[in-house]
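First comes the structure, then the notes that go with it.
First the proteins, then the strands, lettered A, B, ... as listed; each starts at 1.
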Number of protein chains: 4
Amino acid sequence: MSTTSSAGAREPKRRRGHLRVAAIMKAGAEIFTEKGYDAATMTEIAARSGTATGSLYRFFPSKESLADALLLEFAQQALDGLAELGERAGDMTLDSLAGALVDFRLALQSQSSFAVALVESRGAGEDKRAKFRQALLEGMARILRKVLPGLTQAKCDAMAAVLLHILKGAVMAAGEKPAAGSILLAEIREVVRLYLAAARSTERGNLPS
Amino acid sequence: MSTTSSAGAREPKRRRGHLRVAAIMKAGAEIFTEKGYDAATMTEIAARSGTATGSLYRFFPSKESLADALLLEFAQQALDGLAELGERAGDMTLDSLAGALVDFRLALQSQSSFAVALVESRGAGEDKRAKFRQALLEGMARILRKVLPGLTQAKCDAMAAVLLHILKGAVMAAGEKPAAGSILLAEIREVVRLYLAAARSTERGNLPS
Amino acid sequence: MSTTSSAGAREPKRRRGHLRVAAIMKAGAEIFTEKGYDAATMTEIAARSGTATGSLYRFFPSKESLADALLLEFAQQALDGLAELGERAGDMTLDSLAGALVDFRLALQSQSSFAVALVESRGAGEDKRAKFRQALLEGMARILRKVLPGLTQAKCDAMAAVLLHILKGAVMAAGEKPAAGSILLAEIREVVRLYLAAARSTERGNLPS
Amino acid sequence: MSTTSSAGAREPKRRRGHLRVAAIMKAGAEIFTEKGYDAATMTEIAARSGTATGSLYRFFPSKESLADALLLEFAQQALDGLAELGERAGDMTLDSLAGALVDFRLALQSQSSFAVALVESRGAGEDKRAKFRQALLEGMARILRKVLPGLTQAKCDAMAAVLLHILKGAVMAAGEKPAAGSILLAEIREVVRLYLAAARSTERGNLPS
DNA sequence: GATGAATGAGGGTTCATTCAT
DNA sequence: TATGAATGAACCCTCATTCAT
């Protein structure tokens, strides 16, 4: 009881804490996206999120830690999205997989366009990004193994890396004027499809079962 | 002879100036690449190039001007390389063109690994980059029109953008351990080849002659 | 009561802010006076006022803004003093007006010795100074019109400018050793008196009523 | 003979040196006038005078020394002009002396408008200016003693200082639009005349002979 | 715990002065 | 001796971070 009540007493605080953190991360995401890591200022992030600088530093003890948190969130979404796609992948044609991959990447971007800037730009934190990248690669490789089971491990890893890169191009497409953009998107989808299809025929040779 | 000697009288200065500029651009390239535009400091660039800050500012009157110079050099190389490739493209199979494109991109990167960071990075100078990118796209589109004359203008432009993006992946490959790297490179070459080949069959439809 | 206490809650901060600003303006006044605008450094002003550079910039976001504030304060005092003198001027003999003008100028200087350096000094902000000077001239002309109503507008304006300049000489007097200084002051007062008296006889001619 | 010839051998150099110095001082005067002491740069002065920085520093080993030389030149002119006026003063009415004094001050300004800025503005070199000012005061006092021989020494010195200050006002007049300017000048001349005339009647009392 | 004023190291840039040529 | 490129201390200003309230 006392436990419960004390927990209850704390709950609002925690909830408030969560709201604060969410507000800060939202503001951070926006401002990092707008200006890049270096040009973003903690003061502005604090202001936009309606937080005092001191409070901001209670939740994120440094600018880098805020960027890290944002990155982590991005990684979470990316990995979750990839895993979820992996579960559906078995039932898909390569064609629709290609589309799904592009959509996945676009969704990622629109949800967390900020993080990309961070992932690309920061000098420090190389290792964190490497780890995240590794996880992404594994997620992608898992999908490939599911839809193209005949591939060697090495081929699978290489394809994962290449696909990840190609998909990044979808973002570029989204930045263009709608007309040109949708053509670009179609092209990217087509490349992905071609790549997967080619891999399938390669696979045939390996897996004559 | 007297000409030579009199020319020599100022040569050392000029030569030293060129050396200085080269050293500064090298250091700038490195540090911009390592840290990005904002986080790079003129002081560090000066130090790494063995120059006093004041001297650095004699050659490049602002941080931005140094970045611009680096970008220009990169653009020059990129555009020249692309143009040169364009001249050879007519005589190539799509296969060898794919290889040549990848090689071109790699050469670009190794010569000017720096500029990428700048081209990607945030801030002012958006327009300069846009212009450069436009030039690059045109160069690529020109090649495509040469080897795939049946393509529509729009398809050509879209392919140019997508190819440019895919080729950027070659850089990633170069950053890997040799073993994995050469596999990755091979994959990218393969994707490019597939993409070109697919475009050629599309083209057949358009150009039934 | 509660009002008082709640007001008091922020009072210390505000009071400290005011003290800070006052200390900064004092230091700025001193150092601008000692070295002139360009040679004065924000670092030294910060140091002399016991403030960190960053804090200084919180209150005055640029060197120019500090100079402006100083100028404004000076202008305020000058204009107020002149206006106040103008109200008393009607009841004064020209003799006591001469003394009052000199005293006014001296008071101005001792309160704000700083601003003179700024008003005189070079650079941007020419217009602000021109505006201020214009206001001063008008204030002085108003006094003259009151005590010498027969003067033409043009004569009045000219006299105002000349008087303002002569009075500036009082400052010079204040900078001398007391003995020589009081003689100088007496001379200046005398010149002013002479000038006013001469204007009055001129005026007689214009206003034979 | 050998002396003569060796002197002759050196003469061209000396002459060239003098030309250089003159060019530098001219450029220095202009640029100090245009921008003030601090904002003027040795590089620009060198460039405008067609001199290499190194050479400039051979003649004037520091920025301050150049300013000093300019000041000295100004002092020379001022003192010479005053002395010359002193010689004519005996034969003049107070009226024409007033005019002559104003003209003298204006001439000084137009010949060396630069130096005023230097005399007023610089923090260092207080002593040099004091010495110059002292010489000026003596020159003025000498004139006064000549035209108003009955004055006490103290009165004379005080008047000299006040007159010098009033005359400075003539510069202000010269800066105005012609119309207003000539009115102002007339006023200043009038004040000077009044001041001198009043002193003469004072003097009468002292010197009833 | 929350607040936001205060801090001061560090960034880009300038310029008086020096010194290799 | 003349030159002008090189030097580096110092300037104005910013902002991540701390701490008194």
Side-chain angles (χ1 to χ4, degrees), chain A residues 13 16-17 20 37-47 50-66, chain B residues 8-14 16-17 20-21 38-47 50-66, chain C residues 8-14 16-17 20-21 38-47 50-66, chain D residues 13 16-17 20 37-47 50-66:
Chain A
K13 282 191 186 176
R16 264 202 290 156
R20 263 294 151 72
Y37 180 78
D38 292 291
T41 76
M42 291 300 263
T43 302
E44 188 176 359
I45 292 172
T51 312
T53 34
S55 307
L56 192 164
Y57 272 86
R58 185 161 300 287
F59 294 111
F60 299 98
S62 73
K63 191 179 183 180
E64 193 181 4
S65 75
L66 174 56
Chain B
R10 291 215 177 242
E11 260 296 75
K13 284 186 185 176
R14 255 181 225 166
R16 266 212 289 163
R20 262 293 150 72
V21 168
D38 289 305
T41 79
M42 291 300 262
T43 304
E44 188 176 1
I45 292 172
T51 310
T53 42
S55 306
L56 192 166
Y57 274 88
R58 179 172 300 287
F59 296 109
F60 300 98
S62 73
K63 190 180 182 178
E64 193 182 3
S65 77
L66 174 55
Chain C
R10 291 217 177 243
E11 261 294 78
K13 283 186 185 175
R14 258 186 222 162
R16 267 212 289 162
R20 262 291 150 73
V21 168
D38 289 305
T41 78
M42 291 300 262
T43 304
E44 187 176 1
I45 292 172
T51 311
T53 40
S55 307
L56 193 167
Y57 275 88
R58 179 172 300 287
F59 295 109
F60 300 98
S62 74
K63 191 180 181 178
E64 193 183 1
S65 76
L66 175 54
Chain D
K13 283 191 184 174
R16 265 202 290 157
R20 264 291 150 72
Y37 180 78
D38 292 290
T41 77
M42 291 300 263
T43 302
E44 188 177 0
I45 292 171
T51 311
T53 36
S55 307
L56 192 164
Y57 271 86
R58 183 163 301 287
F59 294 111
F60 300 97
S62 74
K63 191 179 182 179
E64 192 181 4
S65 75
L66 174 56

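- Rounded to the nearest 0.5 Å, atoms CE (B:M42) and CZ (B:F60) are 8.5 Å apart.
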Working for side-chain contact (heavy atoms from CB on, under 4.5 Å), residues B:L66 and B:F59: CA-CA 9 Å; B:L66 174 55; B:F59 296 109; over 6 Å; no
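- Smallest separation of non-hydrogen atoms from B:A52 and B:A46: C-CB, 4.2 Å.
- Checking the phosphate oxygens (OP1, OP2) of F:dT3, a side-chain nitrogen or oxygen of D:S55 falls inside 4.0 Å.
- What separates CD1 of C:I45 from P of F:dC13 is a distance of 11 Å, to the nearest Å.
- With sequence neighbours left out, D:T51 forms a side-chain contact (heavy atoms from CB on, under 4.5 Å) with D:R20, D:I24, D:S49, D:S55, D:L56.
- A sub-4.0 Å separation between OP1 or OP2 of E:dT18 and a side-chain N or O of D:R58 is absent.
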Pairing string, 5' to 3', for DNA chain E - Watson-Crick or wobble contacts under 3.5 Å, brackets [ ] where pairs cross, | to another strand: .||||||||||||||||||||
Nucleotides 9-14 of chain E: protein proximity per nucleotide (B base, S sugar-phosphate only, - neither; heavy atom, under 4.0 Å): B-SSBB
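- Counting to the nearest Å, the C1' atom of E:dC15 and the CG atom of D:L66 are 15 Å from each other.
- In this model, the phosphate group of E:dA6 is approached by a side-chain N or O of C:R20 to a distance below 4.0 Å at OP1 or OP2.
- The distance between atom CZ of D:F59 and atom C1' of E:dT18, rounded to the nearest whole Å, is 17 Å.
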